[in-house]
2 protein chains.
Amino acid sequence: MELNARKKKILEVIIRDYISTAEPVGSRTLSKRCNLGISPATIRNEMADLEDLGFLVQPHTSSGRIPTQQAYRYYVDEIMEVKKLEKIIRTDIHRGFLNYTSEMGNTMDHTAKVLSQLTNYTAVVLAPRVTNFNCKHIQIVSLIKNRVLMIVVTQEGMAKNIEITLGQQVDSMLALKLTNVLNSFLKNTFLRDMSSEFIDQIQELTAEETHLIHEILPHLKKALLEDASEIHSMGLTNLFNYPEFSDIEKIKRLVNIVQEKQVLSDILTTKDGNRVIHIKIGSENDNESLKDFSIITSTYELDGETMGAFGVIGPTRMNYDNVSSVLNYIRNELNLHISNLLMK
Amino acid sequence: MELNARKKKILEVIIRDYISTAEPVGSRTLSKRCNLGISPATIRNEMADLEDLGFLVQPHTSSGRIPTQQAYRYYVDEIMEVKKLEKIIRTDIHRGFLNYTSEMGNTMDHTAKVLSQLTNYTAVVLAPRVTNFNCKHIQIVSLIKNRVLMIVVTQEGMAKNIEITLGQQVDSMLALKLTNVLNSFLKNTFLRDMSSEFIDQIQELTAEETHLIHEILPHLKKALLEDASEIHSMGLTNLFNYPEFSDIEKIKRLVNIVQEKQVLSDILTTKDGNRVIHIKIGSENDNESLKDFSIITSTYELDGETMGAFGVIGPTRMNYDNVSSVLNYIRNELNLHISNLLMK
DNA sequence: ATTAGCACTCACGATAATCGAGTGCTAACA
DNA sequence: TGTTAGCACTCGATTATCGTGAGTGCTAAT
């Protein structure tokens with residue numbers, strides 16, 4: 001769908017205006033604001049056209065118009081130009097990250113905080129999954145009764161604890177033996193493609209030990225398969241202030257979504273196309289509860305491989321320009337930061 | 001303050017009525033509901049007295065009365081009798097817990113869920129702190145650059161991971177050595193009273209190793225000191241439905257509180273007196289944001305020692321009877337369950 | 001001490017009146 | 001032919017008015 005230059009301009013101004021005021025925009029106010037020397041009457045004609053084309057709607061017959069989802073989509077695809085963040089803000093963000101050079105969890109919290117503050121929307125960050133990494137160490141610790149704790153550590157310092165109830169009691173000596181066996185075979189393999197075939201190659205194990213290893217490994221696999229990213233969210237109440245969310249039912253849907261880790265994780269990790277910034281507007285979201293929200297997400301990488309995702313949830317009249325800029329910059333910053341944190 | 005039997009009865013009925021309807025209660029409706037053979041006029045006189053005594057207020061001159069905080073306090077202290085939960089519900093809860101015999105995290109999640117479902121309010125559960133337990137195993141894993149991960153495991157299967165950046169690189173051999181040293185001295189000591197004096201007793205360590213241990217231990221202490229309980233909350237949106245929370249500002253305060261782990265943890269762990277069930281009504285709460293809410297909390301124990309806390313946040317017109325009953329039973333159930341989970 | 005009776009209060013809901021920012025349409029204009 | 005001034009019209013939002021009813025306090029009778 002192509003619009004002529006004037007329609008495009010008018011649509012842009014309407015969207016910009018509506019994004020910042022949440023009020024339907026009429027022809028008169030518009031002609032004042034965008035001083036293109038066009039009269040209200042002309043604008044009215046153009047607006048009527050834009051309405052026919054599906055870009056605008058009137059909440060009621062005699063009010064101004066508001067943009068449709070289609071309009072936002074058009075705006076995002078064809079009109080908006082994502083600018084670089086201002087230098088001052090960039091250095092500000094950068095400095096902020098420097099305070100979190102040691103721990104992953106803190107970095108993620110900080111990211112969420114920065115995101116929500118810079119955008120005034122709700123921010124969500126997915127920490128890297130342990131399965132993305134190389135196994136550095138596995139430890140079996142014997143617990144009371146017939147339970148053991150298996151700890152998997154990556155080179156980068158991420159750890160996953162797995163509680164296992166076994167068919168028999170395991171004392172410290174046996175635990176040590178198991179630890180050694182597991183380490184000798186799993187060390188330096190990628191956690192996501194651990195295989196259990198190696199066991200059959202082991203000769204010097206007793207039947208008991210072999211049996212235990214066979215009992216343990218499925219738990220490891222299962223745990224790694226189910227391994228969910230840690231989720232850090234911030235600014236949930238930011239959205240409470242926007243007039244379109246004075247309806248408590250909408251707020252409720254939002255809160256429910258943000259509380260549901262699985263849902264949130266799914267939302268953050270659905271890509272569209274090859275873009276760096278993913279934008280989902282209103283009902284473009286797979287999740288029914290999100291039809292009144294827009295979500296912009298991005299990912300961060302290490303060695304070209306996706307480590308995690310982060311994004312912002314806001315109203316459909318979201319400030320797409322700004323949020324895109326912010327996400328772009330945070331993405332770079334996070335890539336840099338993560339590689340400092342985890343590499344060499 | 002003592003009230004005569006009739007006043008007490010009237011106050012009770014008013015409170016019960018208001019708790020279930022959230023509507024100011026008037027003399028006429030009241031005289032129908034509590035068939036004590038007293039006329040509305042008499043009730044009016046009594047109500048006027050109760051108002052003078054500070055137990056009731058009128059939202060406006062010609063409306064019914066609603067209970068004050070003082071009334072709820074009186075009700076909780078002097079009127080209400082906490083009943084045992086119905087048998088059916090008890091066995092229902094008990095059966096539910098049986099599905100979570102293996103993992104602590106799941107148990108806590110389940111508890112929060114059950115609490116919020118049984119009460120229709122917001123439930124919060126604090127998992128046991130690792131520092132409550134005995135150290136079963138400490139492991140140092142060398143990471144990239146000059147970082148190591150220290151893992152502390154308790155007999156019960158709780159683990160705490162501590163990332164440490166050291167002054168020098170530590171290879172796997174050295175990490176193993178450190179692990180052995182730490183284990184030999186810290187194993188089976190209580191995590192909360194770990195001391196670092198033992199190091200000076202060690203003879204066979206190289207200068208480098210001693211130095212590293214000295215570098216590591218403060219991190220351990222700090223981490224254990226800061227060790228926060230994991231928090232599991234559920235049913236945050238339950239409160240959204242109550243008419244007194246149609247005001248979005250109140251909702252906002254609630255959400256902010258529940259998102260702030262530190263605040264929540266403080267709230268759950270303030271005791272009053274020696275009671276098993278702690279009740280804070282409205283502005284009795286230390287936290288300003290909670291002045292429109294009531295909170296009922298309790299704790300669970302192992303070997304007579306407090307392991308964690310749990311509770312319910314609701315409106316000041318909370319159903320104190322029911323919530324108290326539920327908390328009482330959950331407390332028992334949790335004690336039982338935890339001891340099964342953690343003890344031999 | 002209790003209660004029936006009565007005049008009074010006041011939030012709430014419905015109805016009506018006003019206002020104003022917005023519209024579409026028509027005719028005049030460049 | 002595209003643009004604009006003019007005008008009548010629409011309709012949500014705001015305000016005003018009024019009746020209703022559940023509530024009150026007070027007084028006098030029981």
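Chain A is the first sequence line, chain B the second, and so forth, proteins listed ahead of strands; every chain is numbered from 1.
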Counting side-chain heavy atoms from C-beta on, which of [options] comes nearest to [X]?
X       : options               : answer
B/Thr42 : C/dT3, C/dT23, D/dT4  : C/dT3
B/Ala41 : C/dT23, C/dA4, D/dT4  : C/dA4
A/Asn45 : D/dT4, C/dC25, D/dG25 : D/dT4
A/Ile38 : C/dT23, C/dT9, D/dT4  : D/dT4

Is a side-chain donor-acceptor pair under 3.5 Å present for [Y] with [X]?
X        : Y        : result
A/Asn241 : B/Lys252 : yes
A/Arg65  : A/Tyr18  : no
A/Asn256 : A/Glu260 : no
A/Ser283 : A/Gln69  : yes

[N] [atom2] sits how many Å from [X] [atom1], rounded?
X       : N      : atom1 : atom2 : answer
A/Asp49 : C/dG24 : CG    : P     : 10 Å
A/Arg44 : D/dA8  : CZ    : P     : 15 Å
B/Met47 : C/dT2  : CE    : C1'   : 17 Å
A/Ile43 : C/dG24 : CD1   : C1'   : 15 Å
B/Glu46 : C/dT3  : CD    : C1'   : 13 Å
B/Leu56 : D/dG23 : CG    : C1'   : 14 Å

Any [X] side-chain nitrogen or oxygen under 4.0 Å from OP1 or OP2 of [N]:
X       : N      : value
A/Thr61 : D/dC11 : yes
A/Ser62 : D/dC11 : no
A/Arg65 : C/dT23 : yes

Is it true that B/Asp77 and B/Arg73 have a side-chain N and a carboxylate O under 4.0 angstrom from each other? yes
Shortest non-hydrogen pair, B/Ile231 vs B/Lys261, comes out as CD1-O, 3.3 Å
Shortest non-hydrogen contact from B/Leu239 to B/Phe293? CD1-CE2, 4.0 Å
Positions of residues 14-30 of chain A (non-hydrogen atom under 4.0 Å from DNA chain C), listed by number: A/Gly26, A/Ser27, A/Arg28, A/Thr29
Can you work out whether B/Arg6 or B/His60 has the more 5'-proximal nearest nucleotide on DNA chain C? B/Arg6
